[in-house]
Amino acid sequence: MVHQPSSQARLSPSGDTEDIVALLAPRLAHFAGVARTEHVTRAAQEMGVPQSTLSRALVRLEEDLGVGLFVRRGRTLALTVAGRTFLGSVERALAEVERAAEEVRADADPATGKVAFGFLHTMGAETVPGLLHAFRADHPRVRFSLVQNYGEAMLERLRAGELDLCLTSPVPDAPDLVARRLDEQKLRLVVPADHSLAGRRRIRLAEAAEETFVTLEPGYGLRRITDDLCKEAGFRPRVAFEGEEAETLRGLVAAGLGVALLPPPAVPRPGVVELTVTAPRAAREIGVAWLAGRTDTPPVAAFKKFLLSRRGHLLPS
């Protein structure tokens, strides 16, 4: 496009990428519109902007890039070689922006939107499927992105914006998060079926002080609870095996490799006996957490309300 040189500073080839994007982004749609019609007046009419605004935007875009994008041919414009190269990238970029906008709008749709929901491994077999089944009775087309992980990992994903909500234990207490206690889950001492304690129904945890324990790895909420309960009972557990999943620990117990403090299984596991712990009180709190100050989309708000309504009866009886 023919224009007079401007004293306005041009972008340096080594300029900061974020600065370049912030400067060029508002002008790309204008450029693509003129390139499509090859006529400033027609493009201005189609885009609903004043012709003078469009002309100035094109001039500034060429100045910012330091190259000519158009040449005038009578009353029309034609792309230069540089302009045609630039157009291909601009069209791909605008199409990607449009695709991303459609995706986030779809995810926020009240009827068909998406909820990114995290939960503990121990809640995946029975609790969460039951919750989703009950929620979808009234919201049949809401979609879910499901993440199973241990508590601290899920809280980090909340902070990173990768999750909307998570069910976790212990219930977090952090200034950047909001958490609500929903329920409590009793823990049992799981022993091998041929263990000397297997004939008991109840046990004080102090009676297991000399036992070898299998536990989750450090960093897991259940591991922290196990260590705290054993400390309250007056001993430090001798840990032989550490794992990442409760049912794996049950398998280790069934193999005679130790005992474990675990929540009830979804399906009874052969080869083990589960004893009620009478002292200290062995339970873990289950809560829902989300990022403080974040605005919920309609589907997230609906699912959050549903979870809060399950307070006291979140877990299967």
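Numbers here are sequence positions counted from 1. In this text, all values refer to a predicted model and were calculated from it rather than measured experimentally.
Here the straight-line distance linking atom CD of Glu242 with atom OG1 of Thr215 works out to 5.0 Å at 0.5 Å rounding. If you take CG on Leu257 and CG on Leu249, they are separated by 11.0 Å, rounding to the nearest 0.5 Å. Taken from CD in Glu156 to SG in Cys166, the straight-line distance is 11.0 Å, to the nearest 0.5 Å. Leu65 contributes atom CG, which lies 4.5 Å from atom CG of Leu61 (distance to the nearest 0.5 angstrom). Note that the CZ atom of Arg281 and the CG atom of Leu187 stand 10.0 Å from one another [nearest 0.5 Å].
A pairwise comparison of heavy atoms in Ala179 and Pro172 identifies CB-O, 3.5 Å as the closest pair. Nearest heavy atom pair, residue Met47 against residue Gly33, reads SD-CA, 4.0 Å. Taking each heavy atom of Val300 and Leu165 in turn, the nearest pair found is O-CD1, 4.2 Å. When every heavy atom of Leu163 is checked against every heavy atom of Gly118, the shortest pair comes out as CD2-N, 3.9 Å. Nearest approach of Leu167 to Met154, heavy atoms of both residues: O-CE, 3.2 Å. When all heavy atoms are compared, the tightest approach of Val253 to Val190 is CG1-O, 3.6 Å.
Ring-centre distance between Phe86 and Phe31: below the 6.0 Å cut-off.
Using the six-membered ring where Trp is involved, Phe235 and Phe213 have ring planes that are tilted, between 30° and 60° apart. Aromatic ring pairs are classed by plane angle as parallel below 30°, tilted from 30° to 60° and perpendicular above 60°; the pair Phe135 and His139 is parallel.
Cluster membership check: Val142 does not share its hydrophobic cluster with Val104, using side-chain heavy-atom separations under 4.5 Å among Ile, Leu, Val, Met, Phe, Trp and Tyr. Cluster annotation: Leu315 and Leu261 are assigned to distinct hydrophobic clusters (Ile/Leu/Val/Met/Phe/Trp/Tyr, side-chain heavy-atom contacts under 4.5 Å, transitive). Grouping the Ile, Leu, Val, Met, Phe, Trp and Tyr side chains by contacts below 4.5 angstrom, directly or via other members, places Leu308 apart from Val171. A single hydrophobic cluster is not seen to contain both Leu222 and Leu120; linkage of ILVMFWY side chains at heavy-atom distances under 4.5 Å, directly or through other members, places them apart. Hydrophobic clustering (ILVMFWY, side-chain heavy atoms < 4.5 Å, transitive): Tyr220 and Leu155 are in distinct clusters.
Judged by distance alone, the side chains of Arg284 and Thr226 never bring a donor and an acceptor atom under 3.5 Å apart. In summary, the side chains of Thr41 and Gln51 do present a donor paired with an acceptor at a separation below 3.5 Å, with no hydrogens or angles considered. In summary, the side chains of His121 and Glu244 do not present any donor paired with an acceptor at a separation below 3.5 Å, with no hydrogens or angles considered. There is no side-chain donor-acceptor pair under 3.5 Å between Thr278 and Arg202. For Arg92 and Ser89, the side-chain atoms include at least one donor-acceptor pair closer than 3.5 Å.
Remark: side-chain polar atoms of Thr76 are not paired, donor with acceptor, to backbone N or O of Arg72 under 3.5 angstrom. Between the side chain of His195 and the backbone N or O of Ala198, no donor-acceptor pair lies under 3.5 Å. Side-chain atoms of Asp183 come within 3.5 Å of backbone atoms of Leu314 as a donor-acceptor pair (strictly under, hydrogens ignored). Judged by distance alone, with hydrogens and angles left aside, the side-chain atoms of Glu62 form a donor-acceptor pair with the main-chain N or O of Leu69 at under 3.5 Å. Within the 3.5 Å criterion, the main-chain N or O of Thr112 finds a donor-acceptor partner in the side chain of Arg143.
By the salt bridge (Lys or Arg N to Asp or Glu O under 4.0 Å) test, Arg141 is found to be paired with no residue, residues two or more places apart in sequence or in another chain being considered. Residues that satisfy the side chain to side chain contact (heavy atoms under 4.5 Å, CB included) test with Glu91, not counting sequence neighbours, are Leu87. Take Arg250 and apply the salt bridge (Lys or Arg N to Asp or Glu O under 4.0 Å) test, not counting sequence neighbours, and it matches Glu247, Glu274. Considering only residues two or more places apart in sequence or on other chains, Ala78 meets the side chain to side chain contact (heavy atoms under 4.5 Å, CB included) condition with Val71, Arg73. By the side chain to side chain contact (heavy atoms under 4.5 Å, CB included) test, Ser52 pairs with Pro50, Arg56, sequence neighbours left out. Remark: Arg136 engages no residue in a salt bridge (Lys or Arg N to Asp or Glu O under 4.0 Å) (not counting sequence neighbours).
Few gaps surround NE2 on His313; more than 12 heavy atoms of other groups in view lie less than 6.0 Å from it. Residue Arg200 places its CZ atom among more than 12 non-hydrogen atoms of other residues, nucleotides or ligands, all under 6.0 Å distant. The environment of CZ in Arg236 is sparse: at most 12 heavy-atom neighbours from other residues, nucleotides or ligands sit within 6.0 Å. A 6.0 Å sphere centred on CD of Glu102 holds more than 12 heavy atoms belonging to other residues, nucleotides or ligands.
Exactly one residue among Lys114, Arg294, Lys304 makes a side chain to side chain donor-acceptor pair (under 3.5 Å) with Asp164. That residue is Arg294.
The existence of a salt bridge linking Asp227 and Arg223 is confirmed by a sub-4.0 Å separation between a basic side-chain nitrogen and an acidic carboxylate oxygen.
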